[in-house]
Amino acid sequence: MLKIDLQDFKVVEAESSVALEKYPSQPLLYLVNGVALNNLNQPKEAIEALEIGLDYIIDDARMEADFYNQLSKAYTLLNNTAKAQTFSDKAQKLKN
């Protein structure tokens, strides 16, 4: 996680991809991978990782909101403002 704080997104993406091969049912790894991909301007890959990771979340509204925020960011990068707003709204509902 420190590498995200240091904004070393290439390393984060590589390390989280390796970790996902070993632990494919850990939603946090998909989230970290999606964050890195968004920051590397690879929104389509981020969306793919984030959508898979959503399936592994169990009773964690805060993490689910983080996934939706990252999906919103990815769709914003793709200039799909309608989908971006949809995911932003989902994240807001979970935070309330």
Side-chain angles (χ1 to χ4, degrees):
M1 298 303 172
L2 179 61
K3 291 190 183 351
I4 286 179
D5 292 337
L6 297 174
Q7 297 187 355
D8 196 351
F9 297 112
K10 286 184 180 181
V11 172
V12 172
E13 192 280 325
E15 290 179 357
S16 61
S17 291
V18 169
L20 280 168
E21 289 177 20
K22 294 179 182 177
Y23 309 103
S25 63
Q26 296 300 312
L28 183 61
L29 296 175
Y30 290 97
L31 179 60
V32 169
N33 190 255
V35 168
L37 288 165
N38 270 338
N39 283 283
L40 292 170
N41 200 27
Q42 297 177 23
K44 289 180 182 176
E45 292 84 354
I47 290 167
E48 184 178 332
L50 293 163
E51 286 178 343
I52 292 168
L54 274 172
D55 291 338
Y56 293 105
I57 297 174
I58 299 170
D59 294 331
D60 191 339
R62 185 172 173 194
M63 183 182 288
E64 192 173 348
D66 289 340
F67 269 83
Y68 289 144
N69 281 325
Q70 287 301 312
L71 282 164
S72 177
K73 181 176 180 179
Y75 280 109
T76 298
L77 290 169
L78 292 172
N79 293 317
N80 187 336
T81 55
K83 275 207 167 187
Q85 187 61 50
T86 298
F87 284 112
S88 180
D89 292 345
K90 284 184 175 189
Q92 281 300 103
K93 285 180 185 173
L94 286 169
K95 289 180 181 179
N96 293 335

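The structure presented is a predicted model; accordingly, all values stated were derived computationally and were not measured.
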Short question: side chain of [X], backbone of [Y] - any donor-acceptor pair under 3.5 Å?
{"X": "Thr76", "Y": "Ser72", "answer": "yes"}
{"X": "Asn33", "Y": "Leu29", "answer": "no"}
{"X": "Ser88", "Y": "Ala84", "answer": "no"}
{"X": "Asn38", "Y": "Ala46", "answer": "no"}

Which distance, rounded to the nearest 0.5 Å, do you find between the [atom1] of [X] and the [atom2] of [Y]?
{"X": "Leu28", "Y": "Leu20", "atom1": "CG", "atom2": "CG", "answer": "9.5 Å"}
{"X": "Leu31", "Y": "Leu54", "atom1": "CG", "atom2": "CG", "answer": "9.0 Å"}
{"X": "Glu13", "Y": "Gln42", "atom1": "CD", "atom2": "CD", "answer": "6.5 Å"}
{"X": "Tyr56", "Y": "Tyr30", "atom1": "OH", "atom2": "OH", "answer": "4.5 Å"}
{"X": "Leu71", "Y": "Asn80", "atom1": "CG", "atom2": "CG", "answer": "11.5 Å"}
{"X": "Phe9", "Y": "Leu37", "atom1": "CZ", "atom2": "CG", "answer": "11.0 Å"}

- Message: Does Glu48, at its CD atom, have more than 12 non-hydrogen atoms belonging to other residues, nucleotides or ligands within less than 6.0 Å?
- Response: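 Result for CD/Glu48: open.
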- Query: Closest approach of Leu94 and Ala61, non-hydrogen atoms and distance?
  - Reply: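 Where Leu94 meets Ala61 most closely, the heavy atoms are CD1-O, 3.9 Å.
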Using the rule that Ile, Leu, Val, Met, Phe, Trp and Tyr join whenever any side-chain heavy atoms are under 4.5 Å apart, tell me whether [X] and [Y] fall into a single cluster.
{"X": "Ile52", "Y": "Val18", "answer": "no"}
{"X": "Tyr75", "Y": "Leu77", "answer": "no"}
{"X": "Tyr23", "Y": "Val32", "answer": "yes"}

- Task: Would you please test Gln85 and Asp89 for side chain to side chain donor-acceptor pair (under 3.5 Å) and show each step?
- Result: CA-CA 6 Å; Gln85 187 61 50; Asp89 292 345; 2.7 Å; yes
